[in-house]
Amino acid sequence: MDEIRWGIVGPGRIAESVIGDFRHVPAARPVAVGSRSKERAQAFADKHRLERAYGSYDELINDDDVDALYIATPHPQHLHPALAAIKAGKAVLIEKTFTATVAGAEEIIRAARDHQVFAMEAMWTRFQPAIVAVRELIADGAIGEVRQVYADLGVDRPFDPQDRLFNPDLGGGAMLDLGVYVVSFAQHFLGNPDRVEVSGSLTPTGVDAEAGLLLGYEDGRAATLLMSLRNPTPGMARIHGTEGWIEVPPRFHHPHHILLQRTGGEPEVIRRPPSGTGYSHQLIEVTECLVDGRTESEIMPLDDTLAVQRILNGACESLGVYHYEAST
């Protein structure tokens, strides 16, 4: 495949943020968009000079001139277009959080593996050049053995029952919208926890307004993770090792630099700004995987996505929040 032709499922706010970064991706070209509203799809296509606009997701999925789909709908609306796309043989990059439920994530992963079709969660943080530098430093032993992780991500969002973030039908709540970043970050550097403890509160609509998670490991390692729709936080992260630590400054999920502190040494600032807005790097990963004929990313494998989904949904259910997938 010399060129990967992309379609956009859901021309909303996230799609608007991502679409401009395709210009930084060799061998990738967005060509079509699908929406439940033909007018919205056409407006998006006109604005971004796409060749085709469809008034349904099925029409886009059935377009033979589209190789890969970026699914940018709300969490509960990922499952059905993802399954249809996979059955049609089209690769999928699915906006995080991957699905609204563990069962939904398992169904997509099973379908992708059964059909040998590429699927990946759009966790752009793992592909940021600064986070790549973090991985390389840890692999080189710069801070010794990683023992602890801290991460926070909070915003001050006034309660509005009509807002997607507070709407249970749209997968609202801090956990699936912000918690996915901090949990995925910790899971990436510590692996899957043996236990999860959670404390938090709910909004009047019944979704989680804030939460604190403690991920525990049998060997004593731990992660402390905070998320909130109720109050702003710096949005920073730290990885503590036996010989130093790495600080990822705000906002840690798309950083331009990191700080390396080796025990007894001077702090080192390492600058690795992203290309474009920062979404380009996950798009490059998917495009390169497809060109090479791979069906999973080694950096964001489906097993990691499922592990994070289990932590998120389990924590939500501990607070009394139960998510579900949209029926269509």
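Here the structure is a predicted model, which is why all the values come from computation and not from measurement.
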Exercise. Which is it for Val149 and Leu215 under the side chain to side chain contact (heavy atoms under 4.5 Å, CB included) test, yes or no, and what are the steps along the way?
Worked result: CA-CA 9 Å; Val149 168; Leu215 310 188; over 6 Å; no

For this session: Name all pairs fulfilling the side-chain hydrogen bond (donor to acceptor under 3.5 Å, both in side chains) condition that reach into residues 78-94, sequence neighbours left out, sorted by first residue then second.
Result: none

For this session: For Pro273, enumerate each residue passing the side chain to side chain contact (heavy atoms under 4.5 Å, CB included) test, keeping only those at least two apart in sequence or located in another chain.
Result: His256

Could you list the donor-acceptor pairs under 3.5 angstrom formed between side-chain atoms of residues 170-183 and any protein atom two or more places apart in sequence or on another chain?
| unit_1 | atom_1 | unit_2 | atom_2 | d |
| --- | --- | --- | --- | --- |
| Asp177 | OD1 | Arg164 | NH1 | 3.2 |
| Asp177 | OD1 | Arg164 | NH2 | 2.8 |
| Tyr181 | OH | Lys96 | NZ | 2.8 |
| Tyr181 | OH | Trp124 | NE1 | 3.4 |

For this session: Under the salt bridge (charged side-chain N to carboxylate O under 4.0 Å, His left out) rule, collect the residues that match up with Arg52, sequence neighbours excluded.
Result: Asp63

Problem set entry | side-chain hydrogen bond (donor to acceptor under 3.5 Å, both in side chains) pairs, two or more places apart, involving residues 195-206 | Ser201-Glu210, Ser201-Arg230, Thr203-Thr205

Exercise. Is any side-chain heavy atom of Trp6 less than 4.5 Å from a side-chain heavy atom of Asp67?
Worked result: no

Exercise. Which pairs count as salt bridge (Lys or Arg N to Asp or Glu O under 4.0 Å) when at least one residue sits in residues 256-270, sequence neighbours excluded?
Worked result: Arg262-Glu268

For this session: Identify, with sequence neighbours excluded, every residue that meets side chain to side chain contact (heavy atoms under 4.5 Å, CB included) alongside Ser35.
Result: Pro11, Ser37, Arg40, Ala41

Exercise. Are Leu260 and Tyr150 in one and the same hydrophobic cluster, where Ile, Leu, Val, Met, Phe, Trp and Tyr link if side-chain heavy atoms are under 4.5 Å apart?
Worked result: no

Problem set entry | salt bridge (charged side-chain N to carboxylate O under 4.0 Å, His left out) involving Arg135 - partner list, sequence neighbours excluded | none

Problem set entry | ILVMFWY clustering at 4.5 Å (side-chain atoms), partners of Leu259 | Val269

Problem set entry | Co-membership, hydrophobic cluster, residues Val146 and Val308, 4.5 Å side-chain | yes

Seminar exercise, completed: Under a side-chain separation threshold of 4.5 Å, the hydrophobic residues clustered together with Val9 are Val31, Tyr54, Tyr57, Leu60, Ile61, Val66, Leu69, Ile71, Leu79, Leu83, Ile86, Val92, Ile94, Phe98, Val102, Ile108, Ile109, Val117, Leu302, Leu306

Problem set entry | For Ile131 against Phe252, the heavy-atom pair lying closest together | CD1-O, 4.2 Å

Exercise. Can you list every pair that meets side-chain hydrogen bond (donor to acceptor under 3.5 Å, both in side chains) and has a residue in residues 68-77, with sequence neighbours left out?
Worked result: Tyr70-Glu95

Exercise. Mind checking what makes side chain to side chain contact (heavy atoms under 4.5 Å, CB included) contact with Asp140, not counting sequence neighbours?
Worked result: none

